[in-house]
Number of protein chains: 2
Amino acid sequence: MKGTIVAELTQEQRQLIEKMGIYHEQQGFPPVTGRIMGLLYVTDRLHLSFEEIVETLHISKSATSNALQLLQQMHLIEYTTYSGDRKRYFGALLENWHEEVLNKMESILGLSKLLRQANELRGDANPTMNQKVTERIEFMEFLSREVPALMYKWLQVRKG
Amino acid sequence: MKGTIVAELTQEQRQLIEKMGIYHEQQGFPPVTGRIMGLLYVTDRLHLSFEEIVETLHISKSATSNALQLLQQMHLIEYTTYSGDRKRYFGALLENWHEEVLNKMESILGLSKLLRQANELRGDANPTMNQKVTERIEFMEFLSREVPALMYKWLQVRKG
DNA sequence: TTTTTAGTTCTCAAAATTATGAACTAAAGA
DNA sequence: TCTTTAGTTCATAATTTTGAGAACTAAAAA
């Protein structure tokens, strides 16, 4: 049986999808990819088919295919299948923000390593600079330890 | 008196500048802008002149001018002047990571507001989704409160 | 006043990114 | 087997981003 091809959305919801799209663009996503994230967050359906995404956002199959693959690689979405139905049903991985937080901390730690190397190469040529950079490095390391700890504590309290 | 036009850097330092450049590119900066940040972090000089930046990185005056303006708007660098010397001396704002952290938290709060609106528009069409999204929203709000608190506490212990 | 210096702005070209449509693949259905 | 469906890949077009070089401005120096 063939259902509706377009996910029904109010005008307000469509506007919100665009806002979320822009947010994601600002975080470095390509436009179409951001819109898809917006759609998957705004819809009341846990999963939308490939075709629904294409038709709802008025984007090409190829752009959709590429964007969905990117989002899967980033662990932001997943898809489900049903036997006897060849379609894929895509949904946002709404629980995966844990991972995102940890990744972000890794990235910060990456910069702290580069700054540490800068200090080493500077040697004692400019102690004032080294001291300021060290403060920043130590804060970054502190954050990378404390934010995950904070998160786990929060999850504990939440989940019981 | 005219000093050297090029900041002297070891090969290792030049490589590190590139790595920092790439890091900044990945954070959304244009390439030249990232290299300038790299240079200002790696050099042992608190301040470099416009001309030194141009000559050291082999980039055009126009690209340099634009990049420096962008970085100033982002509060990542500043410049000093000396009376009787028309040049501007640019340096990284090594202390401003406080602001950066607060801005990041604001940005996260921005997404949480969009997600909250998504939940409102969804109404009770999908309680499961609303509940999952709510958990994320609440964590984001929690982080936006706790990370600044953590930072101020850290600064207290450090400086106090 | 003319020239030099320091940097900005403008115009344009090169490069990179993004998305389209067509061709294609693989599996299912008729 | 032939056709349809679901999605991917390829070639290309459109757009955007980025940076170079020249022209320009404003202030200082000669």
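Quick note: numbers below take in every heavy atom, side chains included, and nothing from hydrogens, waters or symmetry partners. Chain letters run A, B, ... following the sequence lines, proteins first and then strands; every chain starts at 1.
A straight line from CD1 of B:I59 to P of C:dA14 spans 20 Å, rounded to a whole angstrom. Remark: P of C:dG7 and OH of B:Y79 are 9 Å apart, rounded to the nearest angstrom. Spacing between atom CD of B:E25 and atom C1' of D:dT17 amounts to 12 Å, rounded to whole angstrom units. Taking atom NE2 of A:H58 as the reference point, atom C1' of C:dG21 lies 18 Å away to the nearest angstrom. The CG-P distance, from A:L48 to D:dA6, rounds to 15 Å in whole Å. Going from atom CZ of A:F50 over to atom P of C:dT25 covers 18 Å, rounded to whole Å. Atom CG in B:L68 sits roughly 15 Å away from atom C1' in C:dT9 (whole-Å rounding). In this structure, A:N66 atom CG and D:dC10 atom P are separated by 10 Å, rounded to whole Å.
Going from atom CD of A:Q15 over to atom CD of A:E18 covers 9.0 Å, rounded to the nearest 0.5 Å. B:L57 CG to B:I36 CD1: the interatomic distance, rounded to the nearest 0.5 Å, is 6.5 Å. With values rounded to the nearest 0.5 angstrom, A:L109 atom CG is found 12.5 Å from A:N103 atom CG.
A salt bridge does not link A:E141 with A:R136: none of the charged nitrogens is closer than 4.0 Å to a carboxylate oxygen. At a threshold of 4.0 Å, the pair B:R45-B:E52 counts as salt-bridged, since one of the basic side-chain nitrogens sits closer than that to a carboxylate oxygen.
Between the side chains of A:R88 and A:Y82, no donor-acceptor pair is found at a separation under 3.5 Å. Looking only at atom types and distance, the side chain of B:N119 has a donor-acceptor partner in the side chain of B:R122 under 3.5 Å away.
Non-hydrogen atoms lying under 4.0 Å from DNA chain C are contributed by nothing in residues 26-44 of chain B.
The base of D:dA6 does not come close enough to the side chain of A:R86 for any donor and acceptor atom to sit less than 3.5 Å apart. Between the side chain of A:S62 and the base of C:dG21, a donor-acceptor pair under 3.5 Å is found.
For the pair A:K61 and D:dG7, the criterion of a side-chain N or O lying under 4.0 Å from OP1 or OP2 is not met. Listed pair B:Q69 / C:dT9 meets the phosphate criterion, a side-chain N or O lying under 4.0 Å from OP1 or OP2. For A:R88, a side-chain nitrogen or oxygen approaches OP1 or OP2 of D:dT8 to under 4.0 Å.
Along DNA chain C, the nucleotide nearest to B:S65 and the one nearest to A:T64 differ in position, and the one closer to the 5' end is contacted by B:S65.
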